[in-house]
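Structure first, commentary second.
Computed over heavy atoms, backbone and side chain alike; hydrogens, waters and symmetry mates excluded. Below, chain A is the first sequence line, B the second, and so on; all start at residue 1.
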Amino acid sequence: MALIELSHVSKTYGKGETAFRALRDVTLSIDQAEKVAIIGRSGSGKSTLLHILAGIDTVTDGSYCFMGQAMRGISQNQAADLRNTHFGIVVQQFALIKEYTVVENVELPLLYRGVPKRQARKKALAMLERVGLHRFEKRRPYELSGGQQQRVGIARALVNEPEVLLADEPTGALDQTTAAEILALFDEIHRSGLCLIIVTHDLEVAHSCQRIIQIADGQVVTP
Amino acid sequence: MRSVASVDVIRKLRSPIAIVCQSLRHMGLSSILIVVQLFFGFLSLLLAIGLFFGINSFANQVQFLMPNNTLSINVDISTHAMDGNRTSYRKLLALKQKIAQLNDVAGIGMYDLSSSFGFTQAPENEVGKLPMSQFSTQPIALVSNTFVQHMKVATQGEPLSAITHFSRKNSKVFPIWVGSALASQYPLGTRLIAMTYYTPPVGSTAEATVDEMPCQVVGIISSDAEFFANNGANLGAFSLQSCTNLILGPVSMFMWNKKSSEANLILSDNMQVYPLPGKEAELKANIYAILHQRKMHGMVHSVEDQLNALAKQQKPSIVSTFLVAVSLLSLSVLGHISVLLSSLIKRRKEFGIRLLIGARKASLLQLVMAEILGLYVLALILSLGIMLNLSDWLDKWLVVINLPTILLAVGITLFLSLLASIIPLRRLSRQTTVRLIQGE
């Protein structure tokens, strides 16, 4: 059984004349421990697809199954729980809470999960060590470089030991060297058995993946 | 799917201080603005409520006052030169030294009841029926500064003869000669009318012009008519019924318990009046005749006049204070809404991040709510700290800062604060997850 299965998924924003179809009849499946790149131009629908995969957005038509469970019709709370436990999400602009220290950012998903504070702190520190930031735990995000901030984002995404890591343009805000470091980190994460889905328009990043799914005008061109 | 406890970070915060810190951290300047608004809103409301209650309680409690040296009552009232138990009196003086160290004590009155008309002079038929313990206790009256201030405000600074009595419902409350305590605030020889639960025997005298009590008691009005009526004694006590529309101030009393040699602070409670059956009309007529006579000479103001003058004098203060409070509260509510709205708009990205990592919308609302409450508590502590420190000073202006006043002000401001938070929170909850994540 595939980890992720999308069948004839469509997503339309708005109604009537102003309606915009971001995704059209998308069908695809992604297995466990797969490393997949979703590529496409700006506005092609790849971020929408990522949102749907993460349970942030819902499908208008078609079906989406995650680990065999239908995602259509689940409540917002269920979707939130799903994101918390099964998905790690990394975004281009790092999405760190600037008022929190590095370690506080990383432990936040654990706290939302109900993990006791002390245990959460311990796990967060271990995760920071894994991404090579164990000496930066007390710093604020703005005191770090872009690459370091992205590592914090990755540590936060992984801290709940998710099944899937969704990365939306993870190297988009980084220079080449740092981007290469982040990709190397992704490789390492993938080797640990995690399913990795990277949304990118960078072909170099895409070619580092096992499979490339190309999206154009909301449709999958290369399933 | 693994089960996820729907807990929020606020559950993980260990103390209200942490919540306040979190609010300050996340809301920055907005949080300070909210605290300032709540602070002034609460302060003004507390002031207004305190003044309202203060004046009302004053008007209700202050029951009897008259200008100095104007009234002596000779009907059924006797005087008795106090030549009582000096040993007991010295003990009381020693106690007075201790009492004088207490805050808010303006004057102390004392009377050795057992050696004066209460015990030795009491008719045989009374002695046997009254509990002995009552007669072996030395009563002391303390007059608080508050009381004196109230009296001075009410009489527009004139010296006065003021007598009070205390409820006998509490069996431990003995006749307290508050008048003599109050008299210590006035020039030597100030003449007082005393009220007591005891009816002095006919023919006795009640001058309290001992060293430490520079007052002269020229009259006694007893309210213990019920007891004496029930026991067949009719000593012609004035019924307090005839004075119920008069004024009595809030007085702190101190009573020395001879058995334990410990002091107990007793506050005056509600007035309880026991009219002497068959005597009300006559005594009332006598009192009113005298009052009327004095009023004719312009020497005595009726208490109704006093109350009316007080109410008239204070009405603009109450109205203006409430107007200021309402204005500040309205501004506070509007400000609260706008500041919170702008703060939530600024924090959209943060909320989006929280949703991205698995927070539920409800937990975001809880978080914001907890932060607002944290700020509310901070504003409350600041304003209460100031108000309680100023309470002595405010008391002179009849503003009462006590538990009911505080609770009422807290209740109203908390309600308004939560009400003002509904609009911004509703707007937040209506945002889609995608829009919040995108920071829109």
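Residues meeting the side chain to side chain contact (heavy atoms under 4.5 Å, CB included) test with B:Leu323, sequence neighbours left out: B:Val319.
Of the inter-residue distances, the one linking A:Tyr112 atom OH with B:Arg354 atom CZ reads 4.0 Å to the nearest 0.5 angstrom. Here the CG-OG distance, from A:Leu111 to B:Ser363, works out to 11.5 Å after rounding to the nearest 0.5 Å. In this structure, A:Leu96 CG and B:Glu350 CD are separated by 12.0 Å, a value rounded to the nearest 0.5 Å.
Looking at B:Leu356, the atoms closer than 4.5 Å to chain A (heavy atoms on both sides) sit in the backbone and in the side chain alike.
Annotation for A:Arg41: atom CZ does not count as buried by contact number, only 12 or fewer foreign heavy atoms lying within 6.0 Å. For B:Phe40, the CZ atom sits in a loose shell: 12 or fewer heavy atoms of surrounding residues, nucleotides or ligands are nearer than 6.0 Å. Applying the 6.0 Å contact sphere to CG of A:Asp217 captures no more than 12 heavy atoms from other residues, nucleotides or ligands. Crowding of A:Lys98 atom NZ: a count of heavy atoms from other residues, nucleotides or ligands under 6.0 Å not exceeding 12.
Within residues 52-63 of chain A, the residues having any heavy atom less than 4.5 Å from a heavy atom of chain B are, in residue-number order, A:Ile56, A:Asp57.
In terms of heavy-atom proximity, A:Asn84 sits nearest to B:Ile357 at ND2-O, 2.9 Å. A:Arg83 and B:Leu355 make their closest contact through NE-O, 2.8 Å (heavy atoms, listed as atom of the first residue, atom of the second, distance). Listed here is the closest heavy atom pair of B:Ala359 and A:Ala80: O-CB, 3.6 Å.
Side-chain contact between A:Gln76 and B:Arg360 is absent, with no heavy-atom pair separated by less than 4.5 Å. A 4.5 Å side-chain heavy-atom check between A:Arg156 and B:Ile353 finds at least one atom pair inside the cut-off.
Each of A:Ala157, A:Pro109, A:Ala120 has some count of heavy-atom pairs under 4.5 Å with chain B, and the biggest count is that of A:Pro109.
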